[in-house]
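Single-structure report; data block below.
As a basis for the values below, the full set of heavy atoms in this structure was taken, side chains included, without hydrogen atoms, waters or symmetry mates.
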Amino acid sequence: MNKLLNHLEEAIITFLMGAATVIIFLSVVHRYLSGYDIPGLQDWLLSLNFSWAQELCIIMFVWMAKFGAAYGVRTGIHVGVDVVINRLKTANRAKFVLFGLLAGATFTGIVGTLGATFVWENGAHYQFFHWFGIEAPDLFEGPITPDLEWPTWVVYSAVPLGSYLMCFRFLQVAVSFLKTGELPHHDHGHVEGLEEELAQEEKTYSIGEAIQAAEELEHVDAGRKEVPMEPDTPHGVKRSDKNGGQ
């Protein structure tokens, strides 16, 4: 279940980041090419409506930021000032770290609850009642966005969803810290998939080096066999006479 949540979290962030980048790129290209007086092309570009692109990208970046913050808690990517904490004794440091994690969970839990209340009163209750066939004529339908004309409660749902996920991540890290005494640490120089490639290269190099070393040993042994040795001295080493002469 936790792995599924991790993959879903990463998939949402990746999709939002990639889609927003593509939309912004197309919008900028459309804006600049529309200014060139190219017969046929200019008329076709002006017929395309990209007024919604900016609004959609803002919404996507808000969602990406909320889920990205939860991902940062899980992977330890958030920046923290821990100079004083790391100078404390192990027992005291553990207490402060645990207090910080629980404080983060409390804060994000409160933000998520306030956000959920706002979303519910901003039109979500009307929509849910409408889906389930419950008549509620006095309920507020809620506003819509200017360009996309989406219900704003859908956009603002990023606040409770992202905050509750972040709260869960804080609690998850706190439980793991109680069991292992370690916090998640993100290596900024780590590239996904690079370790496997380097390991494969090292394995290839080690095999090649072993073959080369074996060939060198064979050449050395062959050279020793070809060198003649003096019969009266062991190993071909000449003995010195008693007077020290050679």
Side-chain angles (χ1 to χ4, degrees), residues 1-21 58-122 124-125 128 153-203:
M1 185 63 182
N2 189 47
K3 290 184 178 180
L4 178 61
L5 181 60
N6 294 345
H7 290 315
L8 179 61
E9 181 182 61
E10 295 168 359
I12 292 175
I13 297 172
T14 303
F15 169 75
L16 292 174
M17 186 180 299
T21 303
I58 292 174
I59 294 173
M60 295 176 75
F61 274 112
V62 170
W63 279 72
M64 181 174 58
K66 294 300 295 182
F67 283 89
Y71 173 82
V73 174
R74 175 169 66 91
T75 58
I77 201 173
H78 285 295
V79 178
V81 182
D82 54 1
V83 177
V84 178
I85 298 297
N86 290 335
R87 291 180 177 272
L88 299 176
K89 295 181 180 180
T90 304
N92 293 331
R93 176 183 177 274
K95 293 178 182 178
F96 277 98
V97 170
L98 189 60
F99 171 78
L101 293 174
L102 294 179
T106 303
F107 174 77
T108 51
I110 293 174
V111 172
T113 302
L114 294 176
T117 303
F118 176 78
V119 168
W120 182 256
E121 295 177 352
N122 201 48
H125 58 338
F128 278 96
W153 70 266
V154 175
V155 178
Y156 298 145
S157 295
V159 176
L161 293 177
S163 298
Y164 280 139
L165 180 60
M166 197 172 180
C167 177
F168 170 74
R169 294 305 187 189
F170 271 119
L171 295 175
Q172 191 178 39
V173 173
V175 172
S176 176
F177 180 76
L178 286 175
K179 293 180 179 179
T180 63
E182 296 181 358
L183 293 171
H185 176 70
H186 179 76
D187 184 6
H188 296 278
H190 173 72
V191 179
E192 191 71 26
L194 185 60
E195 292 181 354
E196 292 78 4
E197 183 178 348
L198 291 176
Q200 185 66 26
E201 291 181 358
E202 290 178 358
K203 182 178 180 180

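At least one side-chain heavy atom of Tyr71 sits less than 4.5 Å from a side-chain heavy atom of Glu10. Side-chain contact check for Phe67 versus Leu165: some heavy-atom pair is nearer than 4.5 Å. Side-chain contact check for Lys95 versus Lys89: every heavy-atom pair is 4.5 Å or farther apart. With contacts defined as side-chain heavy-atom distances shorter than 4.5 Å, the pair Ile12/Met64 does not qualify. Side-chain contact between Leu102 and Phe170 is absent, with no heavy atoms from C-beta onward closer than 4.5 Å. Looking at Leu98 and Leu178, their side chains come closer than 4.5 Å, going by heavy atoms from C-beta outward. Val173 places none of its side-chain heavy atoms less than 4.5 Å from the side chain of Arg74. Ile85 has its side chain within reach of Val97: a pair of non-hydrogen atoms, C-beta onward, lies under 4.5 Å apart.
Shown here for Leu16 and Met60, the closest heavy-atom pair between the two residues is O-CE, 3.6 Å. Considering all non-hydrogen atoms of both residues, Gly162 and Ala70 come closest at O-CB, 4.4 Å. Taking every heavy atom of both residues into account, Ala116 and Pro160 meet most closely at N-CB, 3.6 Å. Contact between Phe177 and Arg93 at its shortest, heavy atoms only, is CE1-NH1, 4.2 Å.
With sequence neighbours excluded, no residue forms a side chain to side chain donor-acceptor pair (under 3.5 Å) with Glu121.
Applying the salt bridge (Lys or Arg N to Asp or Glu O under 4.0 Å) test to residues at least two apart or on different chains, the pairs with a partner in residues 168-177 are Glu9-Arg169. Sorted by first and then second residue, the side chain to side chain donor-acceptor pair (under 3.5 Å) pairs involving residues 153-167 (not counting sequence neighbours) are Lys66-Ser163, Thr113-Tyr164.
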Checklist entry - Would Leu101 and Leu183 count as a side chain to side chain contact (heavy atoms under 4.5 Å, CB included) if you check the C-alpha gap in whole Å, the side-chain angles of each, and the deciding distance to 0.1 Å? => result CA-CA 10 Å; Leu101 293 174; Leu183 293 171; 4.0 Å; yes

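With hydrogens and angles ignored, the 3.5 Å screen pairs a side-chain donor or acceptor of Thr21 with a backbone N or O of Met17. A distance-only check finds no donor-acceptor pair linking the side chain of Thr14 to the backbone of Ala11 [under 3.5 Å].
The structure places CE of Met166 at 6.5 Å from OG1 of Thr108, a figure rounded to the nearest 0.5 Å.
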